[in-house]
Amino acid sequence: MAAYYYLISSLPTLKTDESMPISYDEFLRQCKSAVNGKTYKLLCSLDVSSTTSKISFVKKWTAFNGSLMKELNKRRAEKFGKKVESDMERNSQIEKVVAQAMSAQNPLQAEKILLDAQFAYLDSLVSMHFFDDNVLFGYAVKLKLLERQNVFETENGKQEFSRLYDSIHQQIMNIGLEN
């Protein structure tokens with residue numbers, strides 16, 4: 001347990017609006033000597049979208065995140081005029097977050113809104129835990145989410161958007177010339 005005190009208190013704080021202060025591999029290196037073999041193995045194989053996890057913490061996380069993504073997909077489909085039947089239980093908190101994300105000015109801002117909600121939920125899961133596996137799993141999931149966020153590069157996104165726009169514009173012009 002003493003190793004957990006040192007490990008957890010030495011981990012840098014993770015924030016949604018900052019870059020990753022530590023990589024997942026570095027996190028695992030720090031955990032290797034501080035946690036038991038079973039926990040380390042679970043951290044190594046952690047998949048934040050797995051629905052088959054036997055870890056209670058991860059089950060709760062995937063239930064929340066799955067509901068969040070289902071609501072987001074439902075709203076996206078409705079935006080395009082598709083009627084979607086939903087078998088999931090209504091959750092006003094999730095509906096509010098998704099509504100905010102759907103009204104965001106751009107996709108990056110929408111991702112930030114979703115990430116903030118995911119971090120807040122993870123914080124609620126570890127709120128009564130201080131130096132145990134739940135804190136480590138919460139930290140690990142946050143790191144995985146930040147890794148995903150790091151692949152969003154604004155400049156590359158703008159370039160890709162411009163490329164796609166120009167391509168579509170050219171196709172429209174070609175159709176107009178044919179008529």
Side-chain angles (χ1 to χ4, degrees), residues 1 3-32 34-77 84 86-102 104 107-152:
M1 188 55 83
Y4 271 49
Y5 295 137
Y6 177 77
L7 170 65
I8 292 169
S9 61
S10 69
L11 292 171
T13 302
L14 301 177
K15 296 181 181 179
T16 60
D17 56 353
E18 294 180 4
S19 62
M20 290 176 60
I22 181 175
S23 70
Y24 198 79
D25 289 338
E26 178 58 31
F27 168 69
L28 289 176
R29 278 192 289 281
Q30 290 184 21
C31 288
K32 189 168 183 119
V35 302
N36 67 46
K38 180 181 176 186
T39 299
Y40 181 75
K41 192 173 184 179
L42 291 170
L43 287 168
C44 287
S45 63
L46 182 66
D47 178 359
V48 297
S49 60
S50 173
T51 56
T52 60
S53 179
K54 292 180 171 73
I55 306 166
S56 175
F57 182 92
V58 177
K59 283 182 185 179
K60 290 174 187 174
W61 157 252
T62 55
F64 167 81
N65 199 51
S67 294
L68 184 66
M69 292 304 119
K70 283 180 185 176
E71 182 66 22
L72 184 62
N73 289 335
K74 178 182 152 212
R75 293 280 182 99
R76 285 176 176 160
V84 179
S86 178
D87 60 346
M88 65 183 214
E89 194 174 303
R90 289 193 60 183
N91 181 318
S92 61
Q93 177 189 3
I94 287 176
E95 289 174 354
K96 181 181 173 186
V97 168
V98 170
Q100 289 173 336
M102 293 296 292
L108 192 57
Q109 184 184 29
E111 286 293 331
K112 173 78 168 71
I113 291 167
L114 294 172
L115 187 63
D116 286 340
Q118 291 166 322
F119 266 49
Y121 182 76
L122 289 164
D123 288 342
S124 76
L125 286 179
V126 300
S127 66
M128 297 307 289
H129 299 271
F130 301 102
F131 298 101
D132 64 11
D133 287 346
N134 286 318
V135 175
L136 289 177
F137 287 120
Y139 195 88
V141 172
K142 284 182 176 183
L143 269 176
K144 293 277 188 177
L145 292 171
L146 287 175
E147 277 183 337
R148 181 180 177 274
Q149 181 189 25
N150 279 347
V151 300
F152 302 138

Verdict with supporting geometry, Tyr24 and Leu46, side chain to side chain contact (heavy atoms under 4.5 Å, CB included) = CA-CA 11 Å; Tyr24 198 79; Leu46 182 66; 3.7 Å; yes
Residue pair Phe119, Leu146: steps toward the side chain to side chain contact (heavy atoms under 4.5 Å, CB included) verdict | CA-CA 10 Å; Phe119 266 49; Leu146 287 175; 3.8 Å; yes
Would you check, one step at a time, whether the test side chain to side chain contact (heavy atoms under 4.5 Å, CB included) holds for Gln30 with Ile22?
-> CA-CA 10 Å; Gln30 290 184 21; Ile22 181 175; 3.6 Å; yes
Take Arg29 and Glu26, measure what side chain to side chain contact (heavy atoms under 4.5 Å, CB included) needs, and give me the verdict at the end.
-> CA-CA 5 Å; Arg29 278 192 289 281; Glu26 178 58 31; 3.1 Å; yes
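Minimum heavy-atom separation, Gly138 to Val126: CA-CG1, 4.3 Å.
Phe57 has its side chain out of reach of Val135: every pair of non-hydrogen atoms, C-beta onward, lies at least 4.5 Å apart. Contact annotation: the side chain of Met102 approaches that of Leu72 to within less than 4.5 Å [non-hydrogen atoms, C-beta and beyond]. Residues Phe137 and Leu122 form no side-chain contact, since every pair of their non-hydrogen atoms from C-beta on lies 4.5 Å or further apart. In this structure, Leu7 and Cys31 have side chains that are in contact, with non-hydrogen atoms separated by less than 4.5 Å.
With sequence neighbours excluded, the residues that form a ring-ring contact (aromatic ring centres under 6.0 Å, His included) with Tyr121 are Phe64. Contacts of Tyr40 classified as ring-ring contact (aromatic ring centres under 6.0 Å, His included), with partners at least two apart in sequence or in another chain: none. Annotation: side chain to side chain contact (heavy atoms under 4.5 Å, CB included) contacts of Lys96 (sequence neighbours excluded): Gln100.
Gln149 contributes a side-chain N or O that, together with a main-chain N or O of Thr16, makes up a donor-acceptor pair within less than 3.5 Å.
The local environment of NZ in Lys112 is crowded, with over 12 non-hydrogen atoms from other residues, nucleotides or ligands closer than 6.0 Å. Within 6.0 Å of NZ on Lys70 lie no more than 12 heavy atoms contributed by other residues, nucleotides or ligands.
Separating the OG atom in Ser23 from the CG atom in Leu28 is a distance of 8.5 Å, to the nearest 0.5 Å. Residue Leu115 holds its CG atom at 11.0 Å from CD1 of Ile113, rounded to the nearest 0.5 Å. Here the CD1-CG distance, from Ile55 to Asp133, works out to 8.5 Å after rounding to the nearest 0.5 Å.
Ion pair Lys144/Asp47 not flagged as a salt bridge, since none of the NZ, NE, NH1 or NH2 atoms sits closer than 4.0 Å to an Asp/Glu carboxylate oxygen.
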